[in-house]
Every structure is written in structure tokens, then in C-alpha cells.
**Student:** 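Here it is, the structure in full.
Just so we're clear, the structure is a prediction, and the values are computed from it rather than from any experiment. A, B, ... follow the sequence lines: proteins, then strands. Residue 1 opens every chain.
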Protein chains: 2
Amino acid sequence: MATIGDVAREAGVSRSTVSSVLTGRKYVSPETRAKVDAAVAKLQFSVNAGARALATSRTMALGVVVGFHEAEFSPALAAYLIALSDAAREQGYSVVLLTEPDGVEAVRRAISGRQVDGFILLNVVDDDPRLEPINQARYPAVLLGMPQDTRGVDAVDLDFAAGAAMLVDHLADAGHREAVFLKWPEELYDSGSTYANRFASSARERAEQRGLRLVPVALPVGPEQVRAALRAVLQDPENPRALLIHNDAAVAMLPFALYDLGLEVPADRSVVSLHAAELARLYVLSFTSVESEPVAVCQTAVEMLAKRIASPDSPVQKRLIVPRLEAKGSVETVA
Amino acid sequence: MATIGDVAREAGVSRSTVSSVLTGRKYVSPETRAKVDAAVAKLQFSVNAGARALATSRTMALGVVVGFHEAEFSPALAAYLIALSDAAREQGYSVVLLTEPDGVEAVRRAISGRQVDGFILLNVVDDDPRLEPINQARYPAVLLGMPQDTRGVDAVDLDFAAGAAMLVDHLADAGHREAVFLKWPEELYDSGSTYANRFASSARERAEQRGLRLVPVALPVGPEQVRAALRAVLQDPENPRALLIHNDAAVAMLPFALYDLGLEVPADRSVVSLHAAELARLYVLSFTSVESEPVAVCQTAVEMLAKRIASPDSPVQKRLIVPRLEAKGSVETVA
DNA sequence: CCACAGCAGCGAACCGGTTCGCTGATCAAC
DNA sequence: GTTGATCAGCGAACCGGTTCGCTGCTGTGG
């Protein structure tokens, strides 16, 4: 309700002085500042975001661009959105949700309407088309995900390669010489999903180093299909008895498939996985695992974006958050 | 980049004429309009959201206030956020996420900073404190949830009472005379959660009408605790063999508990439940059930809010979205 | 005692739109 | 031919902040 003019009148000073107090950009004597503060409190004044945005050409808002993703695990999404919003608030920013199926269009509109100061892109893929309008307008942005080529944009992600290596090491250390590698659907790798590919190639590489034979199995889409596929994998006597999983649906469904076949962990099968932290919050997942770190990743992303906004020309940054492996006894030690 | 002044110059008209074309509020001859449209296209102009907000005192943004506890325990949340954002965009609004632990403070700040035109409150409880600043500032809002007293604010929610009645009917129709009612933790009811209480009292009432004896069991918090509690319930020979569930954690965990005890559905137990639609998308939930309708609920909420913003003094509305029961053969017909 | 530096606060201009009263042109009626 | 109504478009004022050059006062040094 109250405007800066009301505050000025109440405090007996000029509008510009009030502004100086509010922004802190100019020295104001303690006495005047006290008068202004009192007036602000009395009138319950707070700055009009739109007016300030117009004057400063800073909206203090970040656009969070959610990719279009039917197939992916959306329960995890909420954790990221909340973590992003919390981190943004801490830096004085608010978060605008951009969920348009056509992410490029969403970005374009937000830019030309000057709705945000920068973007955080979720579900990044290699050669992400959303980068085009962003780079063209020279807008600040941070990728949540680590494509091969970040095209001059800051990026942060979980270190899926490190996670994969940890899990492979864990199996190898326990004496395993071979393992089934339960992967995401093939399409995800083909579509250039950054994390899936980084995990897979790191797992392959480390497994080779450690002399662990990997039998890769791409799983289908859809809960029932996954369950059936898991059963098939578990039933095949040719398959190794250790399982390395990077597929949230499979992690969630595995207990059912084990149940179907009367198998026990770790007696009959050894299991390690990397999955969304959210999964473990709802289910008993007693698998030794590496969990995603939504809070750490999001906090880093927002900090990087805030810095990028402040200094657009500082060198491009890439940050990988190293996760922790939590042993839960789902791996049998073999001779 | 381009401002309305650039467009005016390019088109050879005044700024106000460009504005008339953009807003459509005033008649402009087809020829001038064509010139303006051409200039807009050529300069890739689109209005500066902040400037328009300042001039019109309409931000065209909606604040979505996410409750605190929700953050910890709702895989369904993402579905609601996306559905809200999609619906908002359809009405020309954008969505600002307000996730502050202290929801009241978040609302207060958004109001005094004029950041949004109205609010959508998630995870509403009876006597919700967030309504105080909203009502005091006479701000438009819509509740996603249906408290006893909506305090003059529009509200929309799934018709949990109807859902409960459907499920009770389904059991009674199949000849059951008694059922265990697996409920949320007691605290949820005590904290004034609107949907939990509406479901519970409707179930109780309908069960009485249909001569179905209900044995209520409030479940604990935490996956392992839930699993153990479920086992205890299933093991007790005194308990009825039919299960009426309103507790997402229990729905997700029940297959594990059944597995623990070697029980089959529907041979050993009949199961019906009401749960988040998200749950069924990820897991094999072959329980006869009523699912939440995030898209329908969110669309209605945004439409109601848009109307409320347009006409603040129209009569208060309450809408309940009636869900569908989907039979999946998890109920045994008894004599 | 005067000159000048330093400093707190003022005021005007500006950010990019919208709104509304007014102008000048066109045209019909008398 | 003059009057009056109609209408497209113009221009100034305004929304609520920020910014920056300027003013007038205080105080120090010569």
C-alpha cells in the first residue's frame, strides 16, 4: 500500500533519501536513517517489486525451466524445485516456474518479457535447444546437468561418474568378478541425457580397470514392464548374481521382482545402486547405494547463477558434487 | 531489448497508439495496427513485465504457497506444481514458487512487495494461518483443500468424502461386513488436515449406513515403521480380512508387508484405497482404488483464482472434484 | 576572516509501459 | 457553407521506485 513517497513524507525527508536508506548504496546519517526506518515500520512499507525491477532492470527472479519428461521420475522433481526455491530466497531471489512443454518458447518469452534475471535449466540434454535463446540474448544461466559441451554456460551436477566408480569398487572389493548393469531405457541414452551417459561410461571404464565383467541390460518403460524385465534378468541362470542399478524405477520395483521369485538379498543377489534421494524417503531401500544430493546441487546452482548475474564475464564454471556411498549390507562378500 | 518507444518510431505512430494495439483496449484502424504489428515483429518486441505491472498494478503472476511438511513427504507435489503452472500459463499467468518454511511470512512478503496478483495455497489445514495476511490485505486466493471454514476464500479439492463412500460401498457390495481402516498418522488429523478428516468421517458414516464394521488403525511415520505396523495388522487374527486404506505410505508399503507374511490379494486379503495418482504411475498398484486428480483440481483452482482476481466481490465458491473408482480385482466377493 | 573541501540530503530525470483528455480531420445534416 | 458529431491518434501525466548531479551547510586550514 504505502509508497516510497508516503515514507518520505512520514519521515520528513525526500524520496531519494528513503531510497538511499533502502538500498544502502549511499551514506545516510544515523539520525535520518532512524527516522526513515521508523516510518517504514509504521507504514509497513516494502518496495514494489515491479517498480524496482523497472528502475534497476533487475527482477530478482530466477526462471526454473522444467524439461518435458513423461518418463522420468517426477517425485524427485519436487525435491529439486523446493531446494532451488529455498536457495534462491536465501540469495534474495524468487523463483518463477517455467514448465512449458516447449522449453525454448518458455525461455524466449521470459527473456523478452524481462521476467527473470537468469535461468536454471533442469533435465539438461546434450545440445540442449534451450541454450540457443539464452546464449543469443547473453542471459545468465546455470545447467543442472553436465552435457559434453556446456556452450559457455555454467553447469553443476552430481558426479555420476564418481558415483558409478564407487559402486563398481564396492562390488569389486567384495570379490565380485561380474555384475548385471541395469540401465535406463535405451532412449534416454540416445536422447543425450547427460547423467545417464556419464554414469554408464564411468561404470564401464572402472569395471574394466577392476576386472569386473558388466552385463548391461536396458530396462523398458512402465512399472509392469520393468517388473517383468527384472524377473527375466533374475531368472536367467547365465546372469551374474550381482546387480549394479542406475534406474530409479528398477530400484523401486526390484523388491517386488525378488519377491516374485523368492530371492533374498544379499544371500541370493548382491545389489548396489545410485538413485534419487527421494526414493529412500518413501520406501525401505536397504540397498547399498549412492544417493543424489538435491539440496547441495541446487544450492550450488543458485549460488553460481547469482554470481554469474553479478559478473557476467567471469570465467565459466563447472562443478560436480561428489556423493557419498552408504553401505547397507546388500552385498555379499565372495571368495 | 526493444521498448514501446522503438516500436512507435519504427511504425511512425505514437507510444500510446502502440499501447492501444498491444492491449487491445482501444480501437485502432486496421492500417495502423498492421504497421504496429510489423514493427513489433521486426524488432522482436514484447512488453516488459515489470513496467506493465507497474502501470497496471497487475503482475500477472500467481503465488503458489507450498506448506512446509509437504516438502518432506509428498512425491505427488511435483504433479501439482506442474499442473498449476501449466494451467496458469493458459490463463496468461506465471507462477511464483513460495516455499518458505514460514508460509505466513512468505505470503506477507509477496503481498507487500506486490509480487503476485493472488495466491494458491497448498496443503491447507483448518484455521490456516496463511489466510490472515491474505484476508487482511483483501488479496484474492484459492485453497487447494477444503477446511471446515474457508473464511470467505474460494476453495477446491478432491471430493474425499465421495471417494471414501465409493470405497466403502465397493467393499460392502462385495459382501464384506468388516474392514480395517488404515489411516494416516494421528497427528495429521489433529493438525487439522482437511482431506484426512473428511475422508475419515465420510468413511465412518457410510460404513455405518452400510453395516460395515470399521477397525481404525493409525499408522506411524517412516517407511520401516509403516512396514512393521502393517505386518502387525495383517498378523492379528482378530482383524478383518478387508483393508480400506487412506495413507500413501501404506499403499506403497503394503506389497512388502504382504510379501513378508506370504499373503496374496485378493485370496487372503481384500484391499481398496484412495491415493495419489503419482503412486500408480510408478508402481504396480493393482489395488482397486480412487485416485487423486491433480490436473483437474489444479485447473479448477487456477480458473477460480483468475475469476476472483477479475471480480473480487463475486460470491465465494467451493468446488469438489468427484473422483472415479477403478476396479482392479483386489476385492474378493464373500457370501 | 575567507576560501575551500567534504558531506548530507534534495530534486529532477528516467526506467517502460498505460490511461485519458484532447486535437484535428472527416463527414453528415441543416 | 457552417455546425456538430464521430473518430483515429497524440501527448502528457502517472505508476513507484533509483540514480546522479547539484546545493547549501559545516568545519578546517591558511
**Student:** Go through it in stages, so that I can follow the logic: the residues are T194(A) and D126(A), the test is side chain to side chain contact (heavy atoms under 4.5 Å, CB included), and I'd like the CA-CA distance, side-chain angles, deciding distance and then a yes or no.
**Tutor:** CA-CA 6 Å; T194(A) 72; D126(A) 273 329; 4.2 Å; yes
**Student:** In terms of side-chain geometry, is the basic nitrogen of D128(B) or R130(B) positioned less than 4.0 Å from the acidic oxygen of its partner?
**Tutor:** yes
**Student:** Quickly work out the E31(A) CD to dC7(C) C1' distance and round it to whole Å.
**Tutor:** 13 Å
**Student:** With respect to the phosphate group of dG9(C), does any side-chain polar atom (N or O) of T32(A) fall under 4.0 Å of OP1 or OP2?
**Tutor:** yes
**Student:** Between residues 34-63 of chain B and DNA chain D, which residues have a heavy-atom gap below 4.0 Å?
**Tutor:** L54(B), A55(B)
**Student:** Verify whether one side chain among S14(B) and S16(B) offers a donor that lies under 3.5 Å from an acceptor in the other.
**Tutor:** yes
**Student:** Apply side chain to side chain donor-acceptor pair (under 3.5 Å) to the pair S20(A) and T17(A), showing each step before the final yes or no.
**Tutor:** CA-CA 5 Å; S20(A) 302; T17(A) 301; 5.7 Å; no
**Student:** Should we count CZ of R33(B) as having more than 12 external heavy atoms under 6.0 Å?
**Tutor:** yes
**Student:** Do you know which of L98(A), V64(A), L131(A) makes side chain to side chain contact (heavy atoms under 4.5 Å, CB included) with F119(A)?
**Tutor:** L98(A)
**Student:** Reading DNA chain D from 5' onward, which residue's closest nucleotide shows up sooner: K26(A) or L22(A)?
**Tutor:** L22(A)
**Student:** If you look at every strand shown and take non-hydrogen atoms under 4.0 Å, does S29(A) touch a base, only sugar-phosphate, or nothing?
**Tutor:** sugar-phosphate
**Student:** Listed by chain and number, what are the salt bridge (Lys or Arg N to Asp or Glu O under 4.0 Å) partners of R89(A), not counting sequence neighbours?
**Tutor:** D86(A), E100(B)
**Student:** Pick base, sugar-phosphate or nothing for S19(A), based on heavy-atom distances below 4.0 Å to the nucleic acid.
**Tutor:** base
**Student:** Is there a residue in residues 4-16 of chain B whose heavy atoms reach under 4.0 Å of DNA chain D, and which residues are they?
**Tutor:** V13(B), S14(B), R15(B), S16(B)
**Student:** Of the nucleotides dC20(D), dA8(C), dG9(D), which has the atom closest to the Y27(A) side chain?
**Tutor:** dA8(C)
**Student:** Any Lys/Arg nitrogen of E132(B) or R108(B) sitting under 4.0 Å from an Asp/Glu carboxylate oxygen of the other?
**Tutor:** yes
**Student:** Describe the nucleic acid contact of V18(A) in one word from base, sugar-phosphate, nothing, applying a heavy-atom distance below 4.0 Å.
**Tutor:** nothing
**Student:** Take atom CZ of R114(B) and atom P of dG17(D), then tell me their distance rounded to the nearest Å.
**Tutor:** 9 Å
**Student:** CD of Q148(A): more than 12 outside heavy atoms within 6.0 angstrom?
**Tutor:** no
